[in-house]
Structures are given as C-alpha cells and as structure tokens.
Amino acid sequence: MESATAFYSGTEVIQRSISVDDTLTIKAGNVHSVYEISQCLQFINSNEFKKVALQFPDELLGDSGAVIKALEEGTTAKIFVLADTSYGSCCVDEIASQHANADCIIHYGSACLSPTSRLPVLYVFGQQPVDVAHCYDQIVKCSQDSEEPVLLMYDVVYAHAIDELERLLHSTHPGVIVSKVNASPSTSSNSYRASDAVKPTPLDDEHTSKDLSQDKDNSSSLLSKDNITDSSLSVDNTATNSASSQCHFGRTFTLADNCTIDDYAVFYIGSEGRTLTNLMMTFNKCPFYTYDPRTQIYRRETLNVNRALMKRYYLVEKGKDANVVGIVVGTLGVRDYLAVIAHLKEIIKKAGKKSYTFLVGKLNVAKLANFMEVDVFVLVSCPENSLLDNQEFYKPVLTPFEMELACNRAREWTGDYVTDFRQILPGASKHVPLPADNTPSETDVSLITGNLRTLGTDDDTESSGVDAKAVVARDNMTITTHTSAGEYLAGRSWRGLEQDLGNTPVTKAVEGMKGIAAGYANETDEGTQV
C-alpha cells in the first residue's frame, strides 16, 4: 500500500495538470477579427437583447474569456457562457439557454446548421487559417484530374476564404460550382446575414424565386431567426423551385442545366470528420477530393462507400429482427425532432414491434448498456451525430432512416442514403407513405439468423385486445408470443432507487472514509482499517 499511496496521493490528484489541445485558440489581438465582435455587437444591440448566451466547443473555450471581455466593452447586455452542452457541440443548445432565460444564442465554431425553433441564433464560425493560393492550385488540379465537373464544398470554419477563392476560380475555371453556407433555409425561419441591412426573401423549398447563386456575401457569421408559430414542415435538403438550385445541410449551390449532383465530383475543404462522412454518405455516387488546410494535403478519398453502405444495411436487417426498439432522443434543438419521434413510434407499432423512448443526454456505451432487453436503438439526432460507430455499443444504434427502411414495407433499399431525419417526414422529398392499414402482415427469413420473422400486424390481432402473453397464430404458419419489454423491466431484481417513504428508519449520519481508493486515511500499510 506504500507504493500505491506514493503514486496516487490525494494532493497529487488535486494538483495534477491536464493537457488540453489549444492549437485552435488564438492570440488576444485577433479576437475582434476572428470572432467578429463588431457583428456580434450589432446583433445584440440592434435587437435590444438583455441576456446573451455564448456557446463554445471544447477546443475554443480558451478564448471565451477574451470574447466576453470584448463584447462587454460594447454592450450592457448580460453575457454568459453555456456550460457543457447537452448533446453535440455542433448543435445549438437551446434548452440550456432557455434554462438561463437567454434572449438569444451566439454559436461559435463548427456547426451542423440544423434548423432551430426557439431562439434567435447568430453563427460565428471563426476564421481558421487557410492558404488561399495553395488551395486554389489544388482545386485546379482536381478539375484536371476529374472527368466530372467540380462542386466545391467546405467546412464552415473556412467560409471566410471562399469569396476570394470564388473570384480566382471565376476568371480561370468558371465551370467550378461554389456552394454557399446558409443558416436554416426554410419556410418557418427568416435567415439573413448579420452584416445585411435588410432581410432577403425567406428560403422556401416550394415558393422560392430568388436565385441563391446571386448572394455574393459569404461572411462567416450567419443569423437564423426562427418563427416558432409556423408549424408547417420545412426541409432544406431539397431542390428549390429552380430545378438546378439545391440546398443540402445548410449549403446552397446552383448546378448546370439538366445536371444532377451525381454528375459532379465534390472538392471538400476541411479535415476528416463527421461533416465529411455525412456528405460522402449522402452523395455516395460522387467522387470526393479533399484538401486539409492544416496539413496542406490534397488527395482523392478512397473510402469504400459501398462497403460502408452495406454495413448500414446490416443494421437495417437487425432492425427487422428486433422486437423491442429504443428511441434515443439525441437532440432537443433540431426542428421537428418531436415529429420524427412520433413518426418512428407509428411505423414501429405498425411493424408489430414495441418501442420505448429514452432521454439520456450525451450518448455513451455505459448508458445504453443498462437496457439489455432492448434489441436495437434508434438515435434521433442531427445528421452529423447520427452515424455512430456501432462496434463500441452492445446493441446496434440505427438512424431514423434505417429504422423506417426496416419497418416501412413500402420503402425499398436503392442505395440512396438519408442522414437528415426531416427528409422522411410527410411532405418531404424522401417521404414514402406507409402501406394501407388493411395490408396483411408479411413473413420472410432473416438474413442474419435464418429464422422466420413477421413484419406488420393483422387487423384481428390489433382489434381483439390480445393479452401480452397470449400465443397468436399468424398466416397459419408461424406462432409468436407477444411479450412486453415493460414486463421484462418490471421483473428486474434492481429497478432503480425507491423512496419507500415512511418505511425506512431514521439513522444518525456517520462519518465516512477519507482519501482516495488507492489508500484511505484510516487504512494502515497492511491494508487494514484503523
């Protein structure tokens, strides 16, 4: 025990220094330019906000003090920094902001640009360094290497350099399509840039007449003001009124006439990460070329997208085999998340399965491991956080699109992949109506287990009020036993903390052990208590 206490004394634990990656933090003199303090102050003062919430990702928290100091010099509003976000840092944490009664949110750093619904949001992406001349040379090289025309996309932290790149490309390579970052283009939000004097026409998927390619102001700061009184569904990942003008994941671009995005090669500026993975899975028929400004490395991505899609299709088969489905709420800020949860419950019920909803905050393996009776989980989250590595989890974690593919018999696997759950809701471009209620159930063979499985419920089974443990014959071939995960949970030996008020004797509090587990203060060298 002497060696243990020597290496793990309580004093050393308290005074231990933790290394933090601060490569993304900046010098104090650059705060006003990188974090666009003037636009932030204009946003706060022009709207007369009294309480402002600042949301930083972990890698930028080191600059939060300098940003607050700079903002407080130009406004009387109360400014505070949100603590650990409820979910992913790319999503706007409206819930934590509302708990503090904030009037608005300023979101710093990389963002997924998922539409919000509660508070006005100002996006400040920051200005990560990029060598524009070197990047331009790599785009030219990509246009020479690729047989397809080039579509330029990028991580939002490099949005500040796109105007200069576009000017260079326009004079030499006008065929290169440059995407523009927009904040929540939808019918229920008015999106405009903080530096604009007037609001442009709201971006409506069905009624937009404005040519988005004419917007030349590509500031790295974007404002999204959402009208929560409009309950109509709006999805940004669809084509606008113009057949060639499209918006995907907050990025708008105008394609050539009679062309689709599958006819293009995508040049992506940014590092490997969830944004790139999301784009490659969605546009899985396009070749991808990437340029990382940090390393200045240009390469063609060799990720086998087909293999990745087949792994996701394996999860679809697991969803078909499942009897108990757990719907995990992975966001409280993305618009229409309640609508997709209700949609999932409906399709799971019509598929003859049980569903339970879980709200666990930030997802990890240990949390989901507490519910081993659940066969598969469905994660309702933003597109960039929905694709999880299932090797870490004990049970498969599906996306809403994969779960609908497993439960909706009218939807067929075509190779197209949808990461934005709002695309599968009624009224969206990727929505597929459920079969009629009188459609008989189907029985097939599982590709994983080789057992017979039934998808759907019979009308007589639903209307007869069958007991949860009753044995029911289906199709004159199979016999299934209706079980409930709720009954399984009720049969557990441990069900959580119980108050048991009035039945627990009152005892005097006693002093517990002191120190750390490697050596408590009341232990001797031999490991015995004093």
Side-chain angles (χ1 to χ4, degrees), residues 21-27 29-36 57 59-60 63 90 108-111 113 123-182 213 215-222 248-255 261 264-280 283 286-303 384:
D21 183 13
D22 58 352
T23 56
L24 297 179
T25 58
I26 60 174
K27 296 181 180 180
N30 297 330
V31 169
H32 284 76
S33 59
V34 173
Y35 288 99
E36 304 183 36
E59 60 269 18
L60 297 182
D63 294 335
C90 65
Y108 294 97
S110 183
L113 299 179
Y123 289 99
V124 179
F125 303 131
Q127 299 178 3
Q128 294 303 318
V130 53
D131 189 337
V132 176
H134 189 267
C135 182
Y136 166 77
D137 294 337
Q138 306 312 311
I139 298 175
V140 173
K141 183 178 179 181
C142 174
S143 63
Q144 297 172 351
D145 295 342
S146 174
E147 298 178 356
E148 301 88 354
V150 177
L151 171 62
L152 176 62
M153 290 188 173
Y154 46 90
D155 194 332
V156 294
V157 297
Y158 302 108
H160 64 96
I162 299 304
D163 280 345
E164 185 177 354
L165 272 174
E166 186 178 18
R167 285 192 291 268
L168 294 174
L169 292 170
H170 181 71
S171 59
T172 59
H173 294 77
V176 176
I177 306 299
V178 180
S179 62
K180 299 289 185 177
V181 172
N182 286 278
S213 64
D215 185 4
K216 297 301 182 182
D217 180 11
N218 197 45
S219 170
S220 59
S221 175
L222 296 174
H248 296 268
F249 309 113
R251 296 164 173 84
T252 59
F253 47 86
T254 302
L255 305 180
I261 194 171
Y264 284 77
V266 178
F267 185 93
Y268 177 79
I269 302 176
S271 307
E272 292 184 12
R274 294 174 298 183
T275 302
L276 178 59
T277 302
N278 178 41
L279 293 175
M280 293 186 69
F283 309 131
C286 301
F288 268 75
Y289 299 83
T290 61
Y291 172 76
D292 189 348
R294 298 183 187 179
T295 60
Q296 294 191 340
I297 294 178
Y298 157 75
R299 68 180 182 184
R300 174 167 182 171
E301 290 297 325
T302 57
L303 172 66
E384 296 189 4

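In this text, all values refer to a predicted model and were calculated from it rather than measured experimentally.
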Measuring from [X]:[atom1] to [Y]:[atom2], what's the distance to the nearest 0.5 Å?
{"X": "Gln127", "Y": "Asn30", "atom1": "CD", "atom2": "CG", "result": "9.5 Å"}
{"X": "Leu113", "Y": "Glu384", "atom1": "CG", "atom2": "CD", "result": "8.0 Å"}
{"X": "Phe125", "Y": "His160", "atom1": "CZ", "atom2": "NE2", "result": "11.5 Å"}
{"X": "His173", "Y": "Ser143", "atom1": "NE2", "atom2": "OG", "result": "4.0 Å"}
{"X": "Leu255", "Y": "Ile177", "atom1": "CG", "atom2": "CD1", "result": "6.5 Å"}
{"X": "Ser146", "Y": "Ile139", "atom1": "OG", "atom2": "CD1", "result": "13.0 Å"}

With no hydrogens and no angle check, is any side-chain donor or acceptor of [X] less than 3.5 Å from a backbone partner on [Y]?
{"X": "Arg294", "Y": "Asp292", "result": "no"}
{"X": "Arg251", "Y": "Tyr154", "result": "yes"}
{"X": "Thr290", "Y": "Tyr268", "result": "no"}

Could you tell me if the side chain of [Y] sits less than 4.5 Å from the side chain of [X], heavy atoms only?
{"X": "Asp63", "Y": "Val31", "answer": "no"}
{"X": "Leu279", "Y": "Met153", "answer": "yes"}
{"X": "Phe253", "Y": "His248", "answer": "yes"}

Between [X] and [Y], which heavy-atom pair has the shortest distance, and what is it?
{"X": "Ala111", "Y": "Val156", "value": "N-CG2, 3.6 Å"}
{"X": "Pro293", "Y": "Pro129", "value": "CB-O, 3.8 Å"}
{"X": "Ala161", "Y": "Val130", "value": "CB-CG1, 3.5 Å"}
{"X": "Ser179", "Y": "Ile162", "value": "O-CG2, 4.4 Å"}

Query - His134 side chain to Tyr291 side chain, donor-acceptor N/O pair below 3.5 angstrom - result: yes
**Report entry** Aromatic ring proximity Tyr108/Tyr35, centre distance under 6.0 Å
**Finding:** yes
Report task. Start with the C-alpha distance between Val178 and Leu165, add both sets of side-chain angles, then the distance that settles side chain to side chain contact (heavy atoms under 4.5 Å, CB included), and finish with yes or no. Result -> CA-CA 9 Å; Val178 180; Leu165 272 174; over 6 Å; no
Query - Parallel, tilted or perpendicular: ring planes of Tyr298 versus Phe267, cut at 30 and 60 degrees - result: parallel
Requested in this report: Take Leu168 and Val132 through the test side chain to side chain contact (heavy atoms under 4.5 Å, CB included) and record every step on the way to the result.
Outcome: CA-CA 10 Å; Leu168 294 174; Val132 176; 4.1 Å; yes
Query - Residue pair Gln296, Gln138: steps toward the side chain to side chain contact (heavy atoms under 4.5 Å, CB included) verdict - result: CA-CA 9 Å; Gln296 294 191 340; Gln138 306 312 311; over 6 Å; no
Query raised in the report: Going through the checks in order, is the side chain to side chain contact (heavy atoms under 4.5 Å, CB included) test met by Phe283 and Tyr264?
Result: CA-CA 10 Å; Phe283 309 131; Tyr264 284 77; over 6 Å; no
Query raised in the report: Would you call Arg274 and Asp155 a salt bridge, using N to O less than 4.0 angstrom?
Result: no
